[in-house]
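In listed order, ligands and their atoms are each counted from 1.
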Amino acid sequence: IALLISIKTTVVYPATEKHLQKYLRQEVHLIRETWEDYKNITLPFIQSQSFSIQWVYNILEKKAEADRIIYENPDPSNGFVLVPDFKWNQNQVCLLLLPLKGSCLSEGNPEEMSTSVLIEAVTKRFGVPGSQLRIYLHYQPSYYHLHVHFTALGYDAPGSSVERAHLLADVIDNLAMDSMYYQKRALTFALRADELLLKKFQEAGRV
Ligand code: G7M
């Protein structure tokens, strides 16, 4: 009897302590972050960390992955680059849209990105229609430079759960309704037990 076993593995190299922790089983807690929490806890935490986003600048400045660019708009204020995500696998569409400007939801201008042009480019290149593309942002992200994920709807992408993914179309609608939308409502996200940000929320008595 032939037994076919398929195993999917992910190799992360070089792996930082943060990567190791990410893949170890951990307890997780939900945070409900208000705008006050963002200003008092999350933002100072982000600013105190030296999250390197050099790889993003390398892509934007064509110092890395230039041959992988799927679509780009060089406009200095509204431009962006669309490249395959590192997590790319031949059977999945897994792309990252990096605006030339913008570092967080309230600073970036996702409403200025013309998604229809991008969907057309992705459909042309990968044969996946717009109705089968999941286009979303992460909150919290791993890297604090505004970026949008494109994944095939049929692919159960990690990070597409309700506590992390925000559909770009919804974000655009929310901001069109009220440009202060994300300063007025709370946002929910999950933090692992070992994350320093969770400790900050605990210290502030918010968990
Ligand atoms: O939303 P979040 O910050 O979690 O997503 C960041 C995404 O960037 C992940 O899906 C990573 O796989 C992807 N990524 C990380 N690095 C360091 C690179 C890189 O150097 N190139 C590309 N193309 N994607 C990356």
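Within ligand 1, the atoms closer than 4.0 Å to a non-hydrogen atom of His138 are 1 (O), 2 (P), 4 (O), numbered from 1 in the order shown. Within the listing of ligand 1, atoms 4 (O) sit less than 4.0 angstrom from a heavy atom of Arg164.
Ligand 1 has no nitrogen or oxygen under 3.5 angstrom from a nitrogen or oxygen of Leu96. Considering backbone and side-chain N/O of Pro84, one or more are found under 3.5 Å from N/O of ligand 1.
Among all protein heavy atoms, the one lying closest to atom 21 (N) of ligand 1 is Glu65 OE2, 2.7 Å. For atom 19 (C) of ligand 1, the closest non-hydrogen atom on the protein side is Trp55 CE3, 3.0 Å. Nearest protein neighbour of atom 24 (N) of ligand 1, counting heavy atoms only, is Phe86 N, 3.3 Å. In terms of protein heavy-atom proximity, atom 4 (O) of ligand 1 is closest to Ser142 OG, 2.6 Å. Nearest protein neighbour of atom 2 (P) of ligand 1, counting heavy atoms only, is His147 NE2, 3.2 Å.
One distance of note links CG of Leu168 with CG of Asp173; it measures 10.0 Å at 0.5 Å rounding. Taking CG of Leu97 as the reference point, atom NE2 of His149 lies at 10.5 Å (rounded to 0.5 Å).
Using modelled atom types and a 3.5 Å distance limit, the side chains of Glu33 and Thr42 yield a donor-acceptor pair.
Side-chain contact between His166 and Leu187 is present, with at least one heavy-atom pair separated by less than 4.5 Å.
Salt bridge Arg206/Glu36: absent, no basic N to carboxylate O contact under 4.0 Å.
A search for ring-ring contact (aromatic ring centres under 6.0 Å, His included) contacts involving His29 returns nothing, not counting sequence neighbours.
Within 6.0 Å of CD on Gln49 lie more than 12 heavy atoms contributed by other residues, nucleotides or ligands. Heavy-atom neighbours of Glu203 CD from other residues, nucleotides or ligands within 6.0 Å: above the threshold of 12.
Looking at Val12, Asp85, Asn58, it is Asp85 that brings a heavy atom closest to atom 10 (O) of ligand 1.
Under the 4.0 angstrom criterion for non-hydrogen atoms, Gln140 is not in contact with ligand 1.
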